[in-house]
Protein chains: 2
Amino acid sequence: MFDVLSDHSRRRILDLLRERPRLVGELVAELGMSQPTVSKHLRTLREAGLVQARPEAGRRRYELRAEPLAQLDAWLEPYRRLWSTGLDALEQHLDTMPDTGPDPQEQLP
Amino acid sequence: MFDVLSDHSRRRILDLLRERPRLVGELVAELGMSQPTVSKHLRTLREAGLVQARPEAGRRRYELRAEPLAQLDAWLEPYRRLWSTGLDALEQHLDTMPDTGPDPQEQLP
DNA sequence: TAGTTATATAAGCCAGTCGGTATGTTCAAA
DNA sequence: TTTGAACATACCGACTGGCTTATATAACTA
């Protein structure tokens with residue numbers, strides 16, 4: 001999942017498909033890359049379940065499938081608490097140890 | 001950001017530092033990689049602002065800095081709506097267009 | 001059926017990167 | 001100041017992955 005998303009061109013494709021489904025030729029024009037290169041990226045995205053092709057009058061319209069991104073969201077989840085509370089790993093650790101000083105913040109779950 | 005996170009070893013390091021800050025030697029032992037390799041990953045993470053080193057009795061204790069991950073979260077945000085509502089780019093598009101009938105299924109070559 | 005268009009796959013090149021070994025560098029203790 | 005431990009950097013070989021050109025496949029059209 002991270003591997004698939006680490007490529008800038010593939011993220012551009014996802015961003016474009018987020019607006020609306022598109023034909024391969026449309027993506028080629030907007031990305032300014034060769035058609036085979038775009039097709040290979042689409043294959044990678046397809047195998048990751050992030051896009052889906054629908055035949056349409058001899059062409060192929062690609063559409064976004066966002067569900068697999070939930071994995072990324074799941075990975076991010078435990079980190080989200082840290083930055084959203086301004087708490088990093090150091091303070092989190094100190095929270096679990098006998099306190100030697102004042103405790104500025106308190107924490108939930 | 002995506003480039004930094006696309007490496008499995010670096011994600012393992014972040015996961016370990018999420019538990020608690022650690023010395024380089026501790027990470028080396030837990031990752032089973034050579035010390036220079038770990039140091040190189042730490043440098044990459046440091047330059048991305050994801051970790052931070054604190055000198056400690058001649059050693060270096062690395063701690064997590066989760067804030068930059070907010071960028072990832074921001075990128076993810078517009079997609080989160082799609083999968084959380086079960087709405088993908090296709091239906092989103094069709095919502096804005098007059099319906100022409102039932103849609104077929106896809107196929108593979 | 002042949003020709004044309006749209007897309008997919010194949011093969012090859014090149015740049016970037018991961019991991020390793022060897023070598024600096026820094027710091028604390030003696 | 002010297003030694004030794006902990007960590008960083010330099011450099012190298014192997015592999016990966018993206019891009020390009022050339023070619024194959026599929027579907028529409030005449």
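Worth knowing before you read on, the calculation uses all heavy atoms, side chains too, and leaves out hydrogens, waters and symmetry mates. The model shown is predicted, which means the values in this text are computed figures rather than measured ones. Order of the sequence lines sets the chain letters (A, B, ...), proteins ahead of strands, with each chain counted from 1.
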### Query
Is it true that B:L23 and B:V51 fall in one hydrophobic cluster, defined by side-chain heavy atoms closer than 4.5 Å?
no

### Message
Has B:R54 got a side-chain atom pairing as donor or acceptor with B:Y62's backbone, closer than 3.5 angstrom?
### Response
no

### Query
A:M33 CE to D:dG17 P: how many Å, rounded?
17 Å

## Note on the structure
Between A:R59 and A:G32, whichever has its closest DNA chain D nucleotide further toward 5' is A:G32

### Query
Separation of B:F2 atom CZ from D:dG17 atom C1', in whole Å?
18 Å

#### Entry: A:Y62 side chain near C:dA6 phosphate (N/O to OP1/OP2, under 4.0 Å)
no

### Task
Please confirm whether the backbone N or O of A:Q52 pairs with a side-chain atom of A:R46, one donor and one acceptor, at under 3.5 Å?
no

### Query
How close or far is atom P of D:dG17 from atom CG of A:L42, stated in whole angstroms?
18 Å

### Query
Of the candidate nucleotides D:dA22, C:dT7, D:dC7, which contains the atom at the shortest distance from the side chain of A:P36?
D:dA22

### Message
Heavy atoms from C-beta onward define the side chain here; which of C:dA6, C:dA8, D:dT9 lies closest to that of A:S39?
### Response
C:dA8

### Query
Between A:R46 and C:dA8, is there a side-chain N or O to OP1/OP2 distance below 4.0 Å?
yes

### Message
Please report the distance, rounded to the nearest Å, between CZ in B:R43 and P in D:dA10.
### Response
7 Å

### Task
Can you tell me the distance, in whole Å, between the CG atom of A:D3 and the P atom of C:dC18?
11 Å

### Query
How long is the line joining NE2 of B:H41 and P of D:dT9, in whole Å?
15 Å

### Query
Just to confirm, is there a sub-4.0 Å distance from OP1 or OP2 of C:dG20 to any side-chain nitrogen or oxygen of B:T37?
yes

### Task
Using only side-chain N and O atoms of A:R60, determine if any of them is under 4.0 Å from OP1 or OP2 of D:dA27.
no

### Query
Given that B:A53 and A:V4 both sit by DNA chain D, which one's nearest nucleotide is further toward the 5' end?
B:A53

### Query
Using a cut-off of less than 4.0 Å, is there contact between a side-chain N or O of A:S34 and OP1 or OP2 of D:dC19?
no

### Partner of A:S39 under side-chain hydrogen bond (donor to acceptor under 3.5 Å, both in side chains), chosen from A:H41, A:R43, A:Q35
A:Q35

### Query
Is the distance from OP1 or OP2 of C:dG19 to the nearest side-chain N or O of B:S9 less than 4.0 Å?
yes

### Task
Using only heavy-atom distances, decide whether a donor-acceptor pair under 3.5 angstrom links the side-chain of B:Q35 to the base of D:dA6.
no

### Query
Just how far, in rounded Å, is C1' of C:dG16 from CG of A:D7?
13 Å

### Query
Where the side chain of A:Y79 meets the backbone of B:D15, is there a donor-acceptor pair that is under 3.5 Å apart?
yes

### Task
Could you state the atom-to-atom distance from NZ of B:K40 to P of D:dA6 in whole Å?
22 Å

### Task
Among the candidates C:dA8, D:dG18, C:dG20, find the nucleotide nearest to the side-chain atoms of A:R10.
D:dG18

